[in-house]
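Throughout, protein chains are lettered first and strands after them, A, B, ... in sequence-line order, and every chain is numbered starting at 1. In this text the structure is predicted, and so the values were computed from the model without any measurement. No hydrogens, no waters, no symmetry mates; every other heavy atom, side chains included, goes into these values.
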Amino acid sequence: MNTKMKNKATTLDAYQLLHEGSLALSTVESNGICIDTEYLQKAIKQTARKIKEQTEDIKNDEIFKTWKKRFGTKTNMDSSDQLGKVLFENMGYTCPVYTQTGKPKTDIAVLSELNIPFVKSLLSIKQLKKAKGTYLSGIEKETIDGLLHAFFDLGLAVTYRSSSSKPNFQNWPIRNYEMGKLIRQCFIPRSSKRHIVELDYGGIEVHGAAWYHKDPMMLDYLHDKTKDMHRDMAMQCYMLSKKEMTPKNEDDAQRIKDIRYCGKNRFVFPEFYGDWWLSCAPALWNSISQMKLKTREGLSLRKHLKSKGINRLGIVNIDVIQESNTFLYHIKQVERDFWNSRFKVYRQWKEDWYNAYRKNGKFMMLTGFEISGLMKRNEVINYPVQGVAFHCLLWSLTRIQKLLNKYKMKSLIVGQIHDSIVGDILKSELQNYLEIANKVMTVDIKKHWSWITTPLEIEAEVSPVGKSWFEKTKVKI
DNA sequence: CAACAAAGCGCG
DNA sequence: AAAGCGCGCTTTGTTG
């Protein structure tokens, strides 16, 4: 072991990380997560019943009758192809977007904007089918003696992230409350004296990007706890004042959370990954109605924007010159400000990084992984960030598992989701586990990798003893 | 029957 | 100049 820390990782360092990471993840696989099989059976039956009921309900709808008339015995409500034909050929609705192959697009974004009761019900049925067909029965299929041993693979993803399969541990529903509840109640600790504990790195990809570009405005956001980039961008996108983002009472907190969520996931992250205003603006605009975004006084943000002189989305077409009273025009300005004035050092890094790749045909991650081959601009910019963010998690997981062994603790790591660790933790070891993990994830890792130049934070969520993953609540760390 | 592509949807 | 990154699973529809 070197006494002096190297500031550049090598390919050997990268190899070592994967080697030890693989061993640690194989232990995680073999540990497995405990399944409430009784609940699972009940949930499958209940969901099947709901699907049946809701399917019967919409059979009286005019649209279904038209569908039946056109496709007869071949009628299949799971067929996007048929749905597109019925809606846009028979019913006379105009198709807003087409797929690669020129067929009408019938995804959630398109369907929910149509505002047709039949289609709304259809979407609800599709969600239930996804829950049952992919998640509930997927878990059932792979559970052995009450334990689920999902696979975690390294060296498969191009970014040197992990992936998971049979079943995929990393895409269980959480964003939709009802669906999250239905699925996550399956996962329980393996005894009544244990908790399910999930530890998340906060905003690790944003930090990871900053370790490369070192943009002073971004570093300021990451160092100053009173500042919040996602909130600020949400305010700018929806033209809201600071007062609008201050809750007037306890019930008002969710309204602000939803607005911030849209700033984060409909503008900031898409922009970081290389998206642009023409695609961000419609998503932000549609979110207002879909998530019922409102001002402090309960006014729809559509009406709020109107009071600011923006009365429509505008035409989603790059050849159209956007008028100044459109939302598209506004978001185009917000984007310009975002890259030209807020984060211009970040923007310059992207240019330089991409140009260096064009010259060398390869690049190296901070963790020592060398990536070569033909890549698009956005891939060249995103891979090094996505990679190091996960490598922080992998290093931490490996280290925590070693310490659990060293101290002969009975708590187990049972899963991992890119930037979070899922543990099955003995009640008597909980405080100890949280302390160990926090130290590894926020202190020790900075000693191991000196290029981590921002303060790291983790969030801990813990289920009540013996209770499911769904019932987790935040705890102070 | 199997193999494959496309579309869709779940997560970070 | 180009125009969201990564993954796995299920179903439909085509091809041989």
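At a threshold of 4.0 angstrom between heavy atoms, the contacts of A:Lys166 are confined to the sugar-phosphate backbone, with no base atom among them. Residue A:Glu271 is classed as having no contact, given no heavy-atom separation below 4.0 Å to the nucleic acid. Heavy atoms of A:Ser164 sit under 4.0 angstrom from primed sugar atoms or phosphate atoms, though from no base atom. Counting non-hydrogen atoms under 4.0 angstrom, A:Tyr383 reaches the backbone sugars and phosphates but no base.
Side-chain contact between A:Leu434 and A:Val197 is present, with at least one heavy-atom pair separated by less than 4.5 Å. Considering only heavy atoms from C-beta on, A:Ile196 comes within 4.5 Å of A:Val422 through its side chain. Looking at A:Phe118 and A:Thr66, their side chains never come closer than 4.5 Å, going by heavy atoms from C-beta outward. Taking 4.5 Å as the limit, every side-chain heavy atom of A:Phe343 sits out of range of all side-chain heavy atoms of A:Glu271.
By the 4.0 Å N-to-carboxylate-O rule, A:Arg161 lies close enough to A:Glu205 to be salt-bridged with it. In this structure, A:Lys332 does not pair ionically with A:Glu335, as no charged nitrogen and carboxylate oxygen lie closer than 4.0 Å.
In summary, the side chains of A:Tyr221 and A:Arg342 do present a donor paired with an acceptor at a separation below 3.5 Å, with no hydrogens or angles considered. Side-chain polar atoms of A:Glu198 and A:Ser420 form a donor-acceptor pair below 3.5 angstrom. A donor atom on one side chain and an acceptor atom on the other are not found under 3.5 Å apart for A:Asn355 and A:Glu351. For the residue pair A:Gln185 and A:Glu471, no side-chain donor N or O sits within less than 3.5 Å of a side-chain acceptor on the partner. Under the 3.5 Å distance criterion, with hydrogens and angles disregarded, a donor-acceptor pair is assigned to the side chains of A:Ser396 and A:Tyr201. For A:Asp337 and A:Gln333, the side-chain atoms include no donor-acceptor pair closer than 3.5 Å.
Put simply, the side chain of A:Gln82 never gets that close to the backbone of A:Arg70: no donor and acceptor are under 3.5 Å apart. In terms of modelled atom types and a separation under 3.5 Å, the side chain of A:Gln170 and the main chain of A:Gln416 share a donor-acceptor contact.
Rounded to an integer number of Å, the gap from CH2 of A:Trp277 to C1' of C:dG4 is 16 Å. In this entry the distance linking OH of A:Tyr354 with C1' of C:dA3 reads 13 Å, nearest Å. Between the CG atom of A:Leu136 and the P atom of C:dT10 there is a distance of 12 Å, rounded to whole Å. In this structure, A:Asn382 atom CG and C:dG4 atom C1' are separated by 7 Å, rounded to whole Å. Atom P of nucleotide B:dC9 and atom NZ of A:Lys132 are separated by 19 Å, given to the nearest angstrom. Whole-Å rounding puts the A:Arg347 CZ to C:dA3 C1' distance at 15 Å. One can place NZ of A:Lys350 at 12 Å from P of C:dC5, the figure rounded to the nearest angstrom. Summarising the geometry, the separation between CG on A:Leu123 and P on B:dG8 is reported as 12 Å, rounded to the nearest angstrom.
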Distance-only check: which donor-acceptor pairs under 3.5 Å involve side-chain atoms of residues 280-291 of chain A, not counting sequence neighbours?
from, atom 1, to, atom 2, distance (Å)
A:Asn286, ND2, A:Pro282, O, 3.3
A:Ser287, OG, A:Arg266, NE, 3.2
A:Ser287, OG, A:Ala283, O, 2.7
A:Ser289, OG, A:Asn286, O, 3.1
A:Gln290, NE2, A:Ser112, OG, 3.3
A:Gln290, NE2, A:Glu113, OE2, 3.2

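The aromatic rings of A:Tyr212 and A:Trp353 sit perpendicular, their planes meeting at an angle over 60°, well past the 30° parallel limit. Classification of the A:Tyr177-A:Phe470 ring pair by plane angle, with boundaries at 30° and 60°, yields perpendicular.
Summarising the geometry, atom CG belonging to A:Leu122 is positioned 12.0 Å from atom NZ belonging to A:Lys120; distances are rounded to the nearest 0.5 Å.
Closest to the side chain of A:Ser165, out of C:dG8, C:dT10, C:dA1, is C:dG8. Distance from the side chain of A:Asp275 is smallest to C:dG4 among C:dT10, C:dC9, C:dG4. When distances are taken from the side chain of A:Glu379 to each of C:dG4, B:dG8, C:dG6, the shortest belongs to C:dG6. When distances are taken from the side chain of A:Ser163 to each of C:dG8, C:dG6, B:dC9, the shortest belongs to C:dG8.
Dashed line: the shortest gap from a side-chain N or O of A:Lys105 to OP1 or OP2 of B:dG8 is under 4.0 Å. Contact check, A:Thr106 against B:dA7: no side-chain N or O comes under 4.0 Å of OP1 or OP2. Contact between the side-chain N/O atoms of A:Thr101 and the OP1/OP2 oxygens of B:dA6 is not found at any separation under 4.0 Å.
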Find every protein N or O atom lying less than 3.5 Å from an N or O atom of nucleotides 2-4 of chain B, and list the pairs.
none

Please tabulate, one pair per line, each protein N/O and nucleotide N/O from nucleotides 13-16 of chain C that are separated by under 3.5 Å, including the distance.
from, atom 1, to, atom 2, distance (Å)
C:dG13, OP1, A:Ser79, OG, 2.5

Check nucleotides 10-12 of chain B against the protein and report each pair of N or O atoms closer than 3.5 Å, with its distance, or say if there are none.
from, atom 1, to, atom 2, distance (Å)
B:dG10, O4', A:Tyr135, OH, 3.0
B:dG10, N2, A:Asn171, ND2, 3.1
B:dG10, N3, A:Asn171, ND2, 2.9
B:dC11, OP1, A:Ile174, N, 2.8
B:dC11, OP1, A:Arg175, N, 2.8
B:dG12, OP2, A:Arg175, NE, 3.2
B:dG12, OP2, A:Arg175, NH2, 3.4
B:dG12, O3', A:Asp419, OD1, 2.5
B:dG12, O3', A:Asp419, OD2, 3.0
B:dG12, N7, A:Arg175, NH2, 3.1
B:dG12, N2, A:Arg161, NH1, 3.4
B:dG12, N2, A:Arg161, NH2, 3.3
B:dG12, N2, A:Gln386, NE2, 3.2
B:dG12, N3, A:Arg161, NH1, 3.4
B:dG12, N3, A:Arg161, NH2, 3.1

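Comparing B:dA7 with C:dG4, their P atoms are spaced 16 Å from each other, to the whole Å.
Residues from residues 150-159 of chain A with heavy atoms under 4.0 angstrom of DNA chain B: there are none.
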How does DNA chain C look in dot-bracket form if you count Watson-Crick and G-U pairs under 3.5 Å, write [ ] for pairs that cross, and put | where a base pairs with another strand?
-> ....||||||||||||
